[in-house]
Every structure is written in C-alpha cells, then in structure tokens.
Amino acid sequence: MPPPLTPRRHQAALRAQEAVRCRCIPHRTLAPEDIHSLAGADVSYTGSCACAAVVVASFPDLAPIECATAVTIIRFPYAPGFFAFREGPALLKAFHSLTTRPDIAMLNGHGYAHPRRIGLATHIGVLLDLPTVGVAGRPLVGTFREPGPDPGATEPLVFEGEQIGLALRTRTASRPIILSAGHRTDLALAEEIVAATLRGGRMPLPLLEAHRCAAALRAAVVHGR
DNA sequence: GCGACAG
DNA sequence: ATCTTGTCGC
C-alpha cells in the first residue's frame, strides 16, 4: 500500500501542481488538420502497482500504429484532485517508451476541469510538452444541466462561475462524459477530437483501447506473482 | 460538522 | 480502480 497523504505531502503536492500549472499553455497550438496521430492513455491497478497503457493510432481513421505499456509501484494514495501523482509515473514511463511521438493525446481523467485547473491530462501534457485533452466519466467539480437525450447533445460544466469543461452525451441512455482542455489545447479542440474518435461507445475508441490494454497488462502482472 | 470526491 | 455471475437489452 502507498504511504498516506500526510499534511506534509499534501502541501508539497499542492506546490508541485501550482508549479506545473504555471507552465501550462492554455490554448491550441495545432490545428485539427495538423493532427495525423493520436494517443489514448489509461491506467489499471493491482493494489500495489499502476499498469499504464498508451495506444497510438492514425487520425482520423484510427488505424493502430503503436502501443506502449509500463508498470510502477504505486507511491501515492488515491486522492481526488491528485491523480497525476498516483498515475503520472506509470503514464510517463509508458509515453517515454513510445517509438513515435503522437500529435495529441487524450487521457482518462480531467484536464482544466479540476479544482485548481491542473488535472491529470494537463499535468501530463505539461511534463511531456504534448497537446492533451481530458476525458472523464463524471465531473470532479462543477455542475451541468442534463444534456439532451440524443448523441451529440452538450451542456457546459461550470465551476466558480466559469465554464471549465463540457458534458457530452455520446450515447442515448448513457450518462454524459466530461471533456476539458489539457495542455496546448482548448475545449473546442477537445470536443472536435472526441467527436471524431467516437465509434458507438460511451467513451472515444482510443480510450477504450487503452483501457483494455491496461486491463490486459494488469491481468498479466497479477498472473505473474 | 457532514457529505462529496476523476481513477 | 477492484472484489464478482449472471443477465437484460440493442
């Protein structure tokens, strides 16, 4: 089990987030037509290990290009608002083992839609100086009106009087997913990328593939011990 | 003080 | 997230 989040570590984490947030470029630095490859990343857990998977595919056809994985010992407890410290090490390790550098990456978690505007997607993007977008299954902070029932319906996610993300209905009868900008991107680009990678599931295909890959890695890790 | 709280 | 079988529905 990872060591507890003592007041000391908590304060250190807050300072680290602030330092990373200052380095975030909060606007798009690439146009949709400049995106030729895209990565999806997710992490699975065994209890003591974080199993990360990054899948890279061509864009917009999503033909498989490469997949990288990495396993690390979990050294940070589960604490909403501090995912980067828990999953970051494994994700960075996986990204660094890639042969090709994707033009943009989507992470399973929030980007700007975070209490301090520095969620996992933004954090990882800054450390790799890679354009990123955050995609989560539910909001961490903020509220939104229920989007219409049809796929494509959206409603702004608002927190502290500011729109921090977007609730998007991707499938009829499924809870909307939450999108937010990461590093070197904006909410509009995040929406374009997600919309272009949906293939009938609640979550965009790249994240579903990363999820399955991470789950398979987890199974292999559990098996071999 | 109580409850909520990405994966 | 993870522990867990079958099951209802498109």
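First the proteins, then the strands, lettered A, B, ... as listed; each starts at 1. Because the structure is a prediction, the values reported are computed rather than measured.
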Just the atom pairs and distances: protein N or O near nucleotides 2-8 of chain C's N or O, under 3.5 Å.
residue, atom, partner, partner atom, Å
dT2(C), OP1, Ser44(A), OG, 2.5
dT2(C), OP1, Arg218(A), NE, 3.3
dT2(C), O3', Arg218(A), NH2, 3.0
dC3(C), OP1, Arg218(A), NH2, 2.5

(request) Could you list by number each residue of residues 123-156 of chain A showing a heavy-atom separation from DNA chain B of less than 4.0 Å, or answer none if no residue does? (result)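 Per residue number, the list reads Ala136(A), Gly137(A), Arg138(A), Pro139(A), Leu140(A).
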(message) Under 4.0 Å from a heavy atom of chain A: give me the 5'-most and 3'-most nucleotides of DNA chain B that qualify.
(response) dC5(B) to dG7(B)
Test: salt bridge (Lys or Arg N to Asp or Glu O under 4.0 Å). Region: [range]. Which pairs qualify, not counting sequence neighbours?
range	answer
residues 144-156 of chain A	Arg145(A)-Glu155(A), Glu146(A)-Arg169(A)
residues 195-223 of chain A	none
residues 11-31 of chain A	Glu18(A)-Arg21(A), Arg28(A)-Asp186(A), Arg28(A)-Glu192(A)
residues 67-95 of chain A	none

(request) Represent DNA chain B in dot-bracket notation, 5' to 3'. Only Watson-Crick or G-U wobble pairs with both distances under 3.5 Å count; pseudoknot-style crossings use [ ] and interstrand partners use |. (result) .......
Pairs of donor and acceptor atoms involving the side chains of residues 123-131 of chain A, under 3.5 Å and at least two apart or interchain, shall be tabulated with distances.
residue, atom, partner, partner atom, Å
Asp129(A), OD1, Arg184(A), NE, 2.8
Asp129(A), OD1, Arg184(A), NH2, 3.2
Asp129(A), OD2, Arg184(A), NH2, 3.4

(message) Are more than 12 heavy atoms, taken from residues, nucleotides or ligands other than His27(A), located less than 6.0 Å from that residue's NE2 atom?
(response)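 Yes.
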(request) Please name all residues satisfying side chain to side chain donor-acceptor pair (under 3.5 Å) with Glu33(A), sequence neighbours left out, ordered by chain then number. (result) none
(message) So, using side chain to side chain donor-acceptor pair (under 3.5 Å) as the criterion, who are the partners of Thr99(A) when residues are at least two apart?
(response)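 Thr99(A) satisfies side chain to side chain donor-acceptor pair (under 3.5 Å) with Glu66(A) once adjacent residues are dropped.
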(request) Identify which one of Ile104(A), Leu187(A), Leu38(A) satisfies the side chain to side chain contact (heavy atoms under 4.5 Å, CB included) criterion when paired with Val133(A). (result)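 Exactly one pass, corresponding to Ile104(A).
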(request) Report the stems of DNA chain C as range-with-range entries sorted by first number; a stem here is at least three consecutive pairs, Watson-Crick or G-U wobble, both distances under 3.5 Å, and write none if there are none. (result)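 Counting only runs of 3 or more consecutive pairs, none involve DNA chain C.
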(request) Quick one: label Ile178(A) by what it contacts on the DNA or RNA (base, sugar-phosphate, nothing), any heavy atom closer than 4.0 Å. (result) nothing
(request) Quick one: label Phe76(A) by what it contacts on the DNA or RNA (base, sugar-phosphate, nothing), any heavy atom closer than 4.0 Å. (result)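 Result for Phe76(A) = nothing.
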(request) Can you tell me the distance, in whole Å, between the CE atom of Met203(A) and the C1' atom of dA1(C)? (result)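 Whole-Å distance recorded here is 13 Å.
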